[in-house]
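This one's a predicted model, so the numbers in the text were calculated from it and none came from an experiment.
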Amino acid sequence: MALNIVLIEPEIPNNTGNIGRLALASDSKLHLVKPFGFEIDDTRLKRAGLDYWQHLDVVFYENIEEFFNVNKNEKMVFLSSHGTKNHWNIPFEDNLFLVFGKESVGLPKQVTEAHSENLFKIPLYNNHVRSLNLANAVGIVVYEGLKYLKK
């Protein structure tokens, strides 16, 4: 396994399904932190993940506190539009946790404040765009990491 993809309280089943497929394709583990904005058996989630979902290495957490307690000794980076460093500067290594927030508001403020030294962003080059689609953002960062890890 190369990377860990963490979705904190994902809201859109299609995004989560697509990210699940990406996790499998990149040999990454998916971590899903409740509450979700959908039911895990939602047909849109399954449709976006196609028939790959059964092969996915996925871990579920009841809440953000459980996620941080279980993974307290893991190396993590956090992706947010409020980051000051670009994702190109992430110190990628095997088993790194890439933590993303929910689609509507991103990561909780207490998370971005507590981990500001490990807060990264994907640069946007047009002022009319506030953020990227979550599935696109995850894809950008995961494959940037694989560029370094799969040489």
Side-chain angles (χ1 to χ4, degrees), residues 1-83 85-108 111-112 114-115 117-124 131-151:
M1 170 193 7
L3 297 166
N4 292 277
I5 301 166
V6 181
L7 304 182
I8 305 289
E9 302 178 4
E11 299 170 308
I12 301 173
N14 304 54
N15 280 339
T16 302
N18 283 321
I19 293 166
R21 187 190 313 191
L22 172 74
L24 186 60
S26 63
D27 199 25
S28 297
K29 180 183 273 189
L30 181 62
H31 301 259
L32 298 176
V33 181
K34 296 177 183 177
F36 305 143
F38 53 87
E39 296 298 323
I40 202 63
D41 61 355
D42 190 298
T43 56
R44 293 170 294 178
L45 175 89
K46 302 291 186 187
R47 188 176 312 121
L50 296 174
D51 54 350
Y52 306 119
W53 198 258
Q54 65 192 4
H55 305 292
L56 182 61
D57 188 0
V58 62
V59 181
F60 296 94
Y61 303 89
E62 289 302 314
N63 53 51
I64 196 168
E65 292 81 14
E66 180 186 7
F67 168 76
F68 281 113
N69 285 335
V70 169
N71 299 293
K72 63 182 168 233
N73 296 320
E74 302 295 344
K75 291 189 178 177
M76 298 185 189
V77 296
F78 301 82
L79 285 297
S80 169
S81 60
H82 302 291
K85 299 178 276 190
N86 287 337
H87 74 289
W88 297 303
N89 299 327
I90 293 173
F92 288 103
E93 60 182 75
D94 278 330
N95 205 38
L96 181 66
F97 281 62
L98 306 170
V99 183
F100 296 84
K102 61 180 158 183
E103 290 91 340
S104 63
V105 295
L107 290 168
V111 171
T112 59
H115 301 281
E117 71 284 354
N118 291 317
L119 193 62
F120 295 86
K121 67 178 180 180
I122 298 170
L124 302 174
S131 63
L132 295 174
N133 170 276
L134 180 61
N136 290 337
V138 173
I140 289 167
V141 175
V142 166
Y143 274 88
E144 179 70 16
L146 292 179
K147 180 170 75 173
Y148 298 101
L149 300 175
K150 298 288 186 181
K151 286 186 175 181

Engineer: Between atom CG of N89 and atom CZ of F120, what is the distance when rounded to the nearest 0.5 Å?
Structural biologist: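 Nearest 0.5 Å value for the CG-CZ distance: 6.5 Å.
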Engineer: When you look at NZ of K75, are more than 12 heavy atoms from neighbouring residues, nucleotides or ligands closer to it than 6.0 Å?
Structural biologist: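 Incorrect, the count does not exceed 12.
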Engineer: What closest approach, in Å, do S80 and T112 show between heavy atoms, and which atom pair accounts for it?
Structural biologist: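 In this case the closest contact between S80 and T112 is OG-CG2, 4.2 Å.
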Engineer: Can you confirm whether Y61 sits close enough to V70 that some side-chain heavy atom of one is under 4.5 Å from a side-chain heavy atom of the other?
Structural biologist: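 Yes; the side chains approach each other to less than 4.5 Å.
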Engineer: So, using side chain to side chain donor-acceptor pair (under 3.5 Å) as the criterion, who are the partners of E74 when residues are at least two apart?
Structural biologist: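 Expected list: N95.
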Engineer: Please report whether the ring centroid of F78 lies less than 6.0 Å from that of H115.
Structural biologist: yes
Engineer: In the structure I gave you, are the side-chain heavy atoms of E103 and N15 within less than 4.5 Å of one another anywhere?
Structural biologist: yes
Engineer: Any sub-3.5 Å donor-acceptor pair from N69's side-chain atoms to E65's backbone N or O?
Structural biologist: yes
Engineer: Any chance you could measure I19, atom CD1, to L7, atom CG, to the nearest 0.5 Å?
Structural biologist: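 So the gap between those two atoms works out to 4.5 Å.
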Engineer: Is there side-chain contact between V142 and L98, with at least one heavy-atom pair below 4.5 Å?
Structural biologist: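 Counting from C-beta outward, V142 and L98 do come under 4.5 Å.
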Engineer: Sequence neighbours left out, what passes side chain to side chain donor-acceptor pair (under 3.5 Å) with S81? Give chain and number order.
Structural biologist: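 S81: no side chain to side chain donor-acceptor pair (under 3.5 Å) contacts found.
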Engineer: Is F60 close to F36 at the side-chain level, that is, under 4.5 Å between some pair of heavy atoms?
Structural biologist: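 They are in side-chain contact.
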Engineer: Could you measure the distance from the CE atom of M76 to the CZ atom of F67? Nearest 0.5 Å is fine.
Structural biologist: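 Spacing of CE (M76) from CZ (F67) equals 3.5 Å.
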Engineer: Under the criterion side-chain contact (heavy atoms from CB on, under 4.5 Å), I'd like the reasoning laid out for F97 against H31: C-alpha separation, chi angles, the key distance, then a yes or no.
Structural biologist: CA-CA 9 Å; F97 281 62; H31 301 259; 3.6 Å; yes
Engineer: Considering non-hydrogen atoms only, spot the tightest contact between I5 and S28 and give its length.
Structural biologist: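 So the two residues come closest at CD1-CB, 4.0 Å.
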Engineer: Working note: V99 + V77, criterion side-chain contact (heavy atoms from CB on, under 4.5 Å); need CA distance, chi angles, decisive distance, verdict.
Structural biologist: CA-CA 6 Å; V99 183; V77 296; over 6 Å; no
Engineer: Nearest 0.5 Å please: distance from the CG atom of D57 over to the CG atom of D27.
Structural biologist: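 Here the rounded value is 8.5 Å.
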Engineer: So how far is it from T16 OG1 to L30 CG, rounded to the nearest 0.5 Å?
Structural biologist: 7.5 Å
Engineer: Of the non-hydrogen atoms in L107 and L79, which two are nearest, and what is the gap between them?
Structural biologist: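 That would be CD1-O, 3.5 Å.
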Engineer: Taking N86 for its side chain and W88 for its backbone only, find out whether a donor-acceptor pair lies under 3.5 Å.
Structural biologist: no
Engineer: Between atom CD of E144 and atom CG of L3, what is the distance when rounded to the nearest 0.5 Å?
Structural biologist: 11.0 Å
Engineer: Where do L56 and L24 come nearest, in terms of heavy atoms and distance?
Structural biologist: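 Heavy-atom minimum between the residues: CD1-N, 3.9 Å.
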Engineer: With sequence neighbours excluded, what pairs up with K102 under the side chain to side chain contact (heavy atoms under 4.5 Å, CB included) test?
Structural biologist: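 By the side chain to side chain contact (heavy atoms under 4.5 Å, CB included) rule, K102 matches E9, E11, S104, V105.
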Engineer: Measure the shortest side-chain to side-chain distance between L22 and Y143 over non-hydrogen atoms and say whether it is less than 4.5 angstrom.
Structural biologist: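 Yes - at least one pair of side-chain heavy atoms lies under 4.5 Å apart.
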Engineer: Testing the basics here: between L96 and P91, what is the closest heavy-atom pair and its distance to 0.1 Å?
Structural biologist: CD2-O, 4.0 Å
Engineer: Do the non-hydrogen side-chain atoms of I64 and V111 ever get within less than 4.5 Å of each other?
Structural biologist: yes
Engineer: Below 4.5 Å, heavy atoms only, C-beta onward: do V141 and F100 meet side chain to side chain?
Structural biologist: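 A side-chain contact exists here, since the closest heavy-atom pair is under 4.5 Å.
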Engineer: Quick one: closest heavy-atom pair of A2 and S26, and the distance?
Structural biologist: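 The answer is CB-O, 4.4 Å.
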